[in-house]
There are 2 protein chains.
Amino acid sequence: MSLEQLETVVAIAEEGALVRAARRLHISQPPLTRRLQALEHELGTVLFERLPRGMRPTPAGERVVAEARQILAAVDRLRTHVEDP
Amino acid sequence: MSLEQLETVVAIAEEGALVRAARRLHISQPPLTRRLQALEHELGTVLFERLPRGMRPTPAGERVVAEARQILAAVDRLRTHVEDP
DNA sequence: CATGCTTACGGATCACGTAACCATG
DNA sequence: CATGGTTACGTGATCCGTAAGCATG
């Protein structure tokens, strides 16, 4: 698991589609497909339902997204605490 | 910043030396030197004092290690919450 | 001279982007 | 046929390990 993967699932959840998440992360779509697949494989769970129009989080996905947000916030705090103790 | 880097600083702080942290992480020393340097460079702060015998965290290093531990714990919780909701 | 950190270097792996493909409304 | 996700493939970047170097008690 990597922080990039956590950013990825949060972005997908908020944008509702890989295409838009990709634009937001300044990356192309295929890497996002692969990051998500890798995380789903590592966790052994499907995190998003593939709809015709986009992506919708599964219940497990919802939980992962919520915890990912907290982890990323803690990382941001770490960064700012170093600059401004 | 990566989770591996956070694991690295925690291991260095607990072992007091790169050599021992390297053994604990099943890796050789040079990668640890580089991981630490990369993180210090990214944060713009020296995290460990280089002693003749080993490494001692600076005040900033202490804070980073403490927050890193919390982040890594949150990541572990995420993993277990997925297996056992 | 033993311990421990750092730098150099070559090679394997990873992760990207482009392109092609597939599915659905 | 427009939108959006996935798969294939080649290339550039990353990261490791070995080896050599350097400092200190």
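Lettering of chains follows the sequences in order, A, B, ..., and the numbering in each one begins at 1. Since we're looking at a predicted model, the values are computed, not measured.
- At whole-Å resolution of the value, CD in A:Gln5 and P in C:dA15 are 8 Å apart.
- One finds no salt bridge joining A:Glu7 and A:Arg69 here, because no Lys/Arg side-chain nitrogen approaches an Asp/Glu carboxylate oxygen to under 4.0 Å.
- Side-chain atoms of A:Pro30 lie closest to D:dT7 of the nucleotides C:dT6, D:dT7, D:dG4.
- With rounding to whole Å, B:Leu39 atom CG is found 16 Å from D:dC15 atom C1'.
- Of the side-chain N and O atoms in B:Arg20, one or more sit less than 4.0 angstrom from OP1 or OP2 of C:dG4.
- With rounding to whole Å, A:Leu32 atom CG is found 12 Å from C:dG17 atom C1'.
- The phosphate of D:dT18 (OP1 or OP2) has no side-chain N or O of B:Gln29 nearer than 4.0 angstrom.
- Whole-Å rounding puts the A:Ile27 CD1 to D:dA13 P distance at 16 Å.
- Between A:Thr33 and D:dT6 there is a side-chain N or O to OP1 or OP2 distance below 4.0 Å.
- At least one side-chain nitrogen or oxygen of B:Arg35 sits closer than 4.0 Å to the OP1 or OP2 atom of D:dC16.
- Remark: C1' of C:dC22 and CZ of A:Arg50 are 15 Å apart, rounded to the nearest angstrom.
- Between A:Arg53 and D:dA2 there is no side-chain polar atom (N or O) within less than 4.0 angstrom of OP1 or OP2.
- On a pure distance criterion of 3.5 Å, no polar donor-acceptor pair joins the side chain of B:Arg23 and the base of C:dG4.
- The existence of a salt bridge linking B:Glu15 and B:Arg23 is excluded, since no basic side-chain nitrogen approaches an acidic carboxylate oxygen closer than 4.0 Å.
- One atom, CG of B:Leu18, and another, P of D:dC22, lie 19 Å apart when rounded to the nearest Å.
- For the pair B:Glu4 CD and D:dC15 P, the interatomic distance rounds to 8 Å; values are reported in whole Å.
- Between the CD atom of A:Glu49 and the C1' atom of D:dG4 there is a distance of 16 Å, rounded to whole Å.
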